Each structure stands twice: as structure tokens, then as C-alpha cells.
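Worth saying up front: this structure is predicted, and the values here are computed from it rather than measured.
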Amino acid sequence: MTRPRMPIVALLLSWVLTTAAAQDLRQSKLEEELRRLALTAGGTVGVAAVHLPSGRSAKVQASQRFPMASTYKVAIAVALLQRVEREELSLQDRFEVRPGDLRPGSGTLSVHFSHPGVALSLENLLELMLVLSDNTATDLLLREAGGPEAVSGVLRQLEIEEMRVDRPTLQLIADWAGVDLSQAAVGKADAEAFIELFEAVTPQRRQEAARAFLNDPRDTATPEAMVRLLMLIRQGQALNPDHSVLLLDVMKRCETGPGRIRGLLPPYVETAHKTGTIGSVTNDVGLLTLPDEGGEVALAVFIKDSPLELAAREAAIAQMARAVYDYFLFTAEGPEGAQQADDSQNSARPPGR
């Protein structure tokens, strides 16, 4: 008597359920590893990673808000380039950088161009903002993008609710440092006035301001929201294809934070990213390109309130990025990728083993 065969539909269903269960287990292990690595960063850590072709993801505290610091410059760039697409601006438009435009913090303009007479194109300023994280260029571009409200409005139009842009870098840094910009002497350039006021802030006031900064909802995002923005850029939904490519090409030349997302990745891995750092906040967000047409992974790692040295925080980001990269590298072909990888490994084994 022959045994009845299992219907083909039941076989397929069994295979799908088995494969899905295996995939869930692998994802669970990745998130467990990310939580373990997050402990090495100190403070609070949020991570979101999405494999664009398959939509598979890994998340750790990905719905919690974090100060974006300079990663908010990605949103500013999108709003600015949308104005270019509407022909309200041109990338060739030139803007004079005046002494009053100079900003403290990261970048090169405040160091090398402290005298009148420098005029830079919109595209030059975009490159300075994203490649060197230049704060002077950022505040000039934020103005040309229409200001913080306009940038946040663009995010709402893209249905990104858990991200907001509220302040230029000068005000953001001042609030973190406990500096009251209204007390600046008349006629002082912003960068010069900031330094004088900063030096007058007491250590206690500075600590109080830094603590309040971490709880301030302004200029914050969830890792999920940042990954959503990166995905929309890559998929040509935030900008047209030409400007999407332009923006990502500039982000691929980012020179800040080489020890973060890129720190432990193979040198051939193409990475378009943007860092953010202020006080106990250390961030990096970007797109990683997997080899062999494995697609891209959108990744956001946010750290806040960490007592550790910057190098330790950066090392934690590098390790988390490598864990994400390795996971999606070996499961890059969608839900069936893990099974295909297992099959290829089995076929390479000697017969009988």
C-alpha cells in the first residue's frame, strides 16, 4: 500500500514557513548582537537597518527620538534640492560668505575664510556641508532652503513624521553649550561673539544645558525616520533621479567619522553617509552597497548621553555597522536568500558528509 503524497500546496506552505522561521531566527540573532554591541557605546543607542531590495530590517530602540546633530544636514540638502528642482534656485547660484555668516564648530569656512570677498556656488556649499560638515555652509543653505519650518514641511510631505528640523547650527550649538546669543555685543560677528559668550559660561550652567539638550524634542529623529528618508532618496521619491544621484555622490565623499560606519567595512564597500556629533551625542547614517548586486542597506545609528570617549563610541558604531553588513551580505537575495546560501554551502561539501 503506497503512502499518500502530501499535496504540493502543503509542501510549499511548509517550505515557506520553515524558511520564514529560519529568517526570523537570524534576524533575532542580529538584533541580539546589536543590543550587545550597544552596551559598548555607553548611554542610549538606537539602530535601524533596512535591506532595500527585500525590505527586511533590524531594529533596536528604533522608535526612540535622538538628537540628530549634523545628520540633520541630509534633510536640509533634500529641501534645498527640491527648491532647485522647482527652479527657484540653481546649483550655480553664487553666495557671498560674509564675516557675520561664519559659524563655530565643524567645517573649514570659519577657519580659512574670515575676511569678506569669498563667493561660493550653491553646489560648493552643499559639498562643504556634507563632505566636511561645515556649519557656516549649513546655515547659509538652511536659509536658502526656506528655513527650519520649510525643511520640516518637506519631511511632512514625505510622510516622515518622527523627524524635525528647528534651528540653525549656531542656535543648536548655543543651546547645547548654555550660550545666550541675545547677550552678544553689538557689531560682533556670530562666530566671534559665540566664543566670547561660551568662555563666560560656568561649568554648572554648561552641564545643565547639555542635559536639557538631550531631552529637547527639537532637531530630533528616530532611527526609523532617518532610514526612511535615506530610502526615499535612494528610490528617487524624495528627489528626482538626477538630484538623488548628486546627493548620494556627495555623501560618498564624506570625510568626517571614518571610524564609524566605514570603520570596519572592507575598503571596497561603497558608503554614502553623514555623521553627527555634539557633546555626548555621536551618530552616523547612510547607505551601504553590498557586493555582487546584493542591493543596498539603509542604516542609522544614534548614540546619546554616553559618558565614554569619542573613540569608544565610534568603535561601537563601526562594530554595529559590520554586524549589519555581514548579516545582509549573506541573506541579500530576499527571504529565500538564506536557504539558497545553505544550498550552496551543501553543494560544496564532499559527498557522503
query: Any side-chain donor-acceptor pair under 3.5 Å between E123 and S121?
result: no
query: So, are R253 and E127 salt-bridged, with charged N and O less than 4.0 Å apart?
result: yes
- prompt: Taking atom types as modelled, is there a side-chain donor on Q82 or E85 under 3.5 Å from an acceptor on the other?
  reply: no
- line: The residue among R211, R65, R167, R164 that forms salt bridge (Lys or Arg N to Asp or Glu O under 4.0 Å) with D216 is R167
query: Can you name the one residue among Q92, E88, E87 that meets side chain to side chain contact (heavy atoms under 4.5 Å, CB included) with S90?
result: Q92
- prompt: Do L81 and L247 come within less than 4.5 Å of each other through their side chains, counting heavy atoms only?
  reply: yes
query: Should the pair D134-K73 be classified as a salt bridge under the 4.0 Å nitrogen-to-oxygen rule?
result: no
message: Closer than 4.0 angstrom, basic N to acidic O: yes or no for D326 and R322?
response: yes
message: For a quick check under 3.5 Å, do S70 and S133 share a side-chain donor-acceptor pair by atom type?
response: yes
message: Walk me through whether V154 and V78 qualify under side chain to side chain contact (heavy atoms under 4.5 Å, CB included).
response: CA-CA 8 Å; V154 167; V78 169; 4.2 Å; yes
- prompt: Do L122 and L141 have side chains that get closer than 4.5 Å, going by heavy atoms?
  reply: yes
Contact check, side chains of L158 and Q237, non-hydrogen atoms, under 4.5 Å: no
message: Given I303, which partner from the list R313, R260, E314 fulfils the side chain to side chain contact (heavy atoms under 4.5 Å, CB included) test?
response: R313
- request: Could you tell me the separation between the OG1 atom of T275 and the CZ atom of R262, rounded to the nearest 0.5 Å?
  value: 10.0 Å
message: Salt bridge check, R36 against E33: does any charged N sit closer than 4.0 Å to a carboxylate O?
response: yes
message: For the residue pair S280 / S306, report whether a side-chain donor-acceptor contact shorter than 3.5 Å exists.
response: no
query: Pick from D219, D139, T136: which one makes a side-chain hydrogen bond (donor to acceptor under 3.5 Å, both in side chains) with T169?
result: D139
message: For a 4.5 angstrom cut-off between non-hydrogen side-chain atoms, does F66 reach T44?
response: yes
message: Pair V47, Q61 - check side chain to side chain contact (heavy atoms under 4.5 Å, CB included), show working.
response: CA-CA 6 Å; V47 185; Q61 298 195 99; over 6 Å; no
- request: Compare all side-chain heavy atoms of D284 with those of V301 and state whether any distance is below 4.5 angstrom.
  value: no
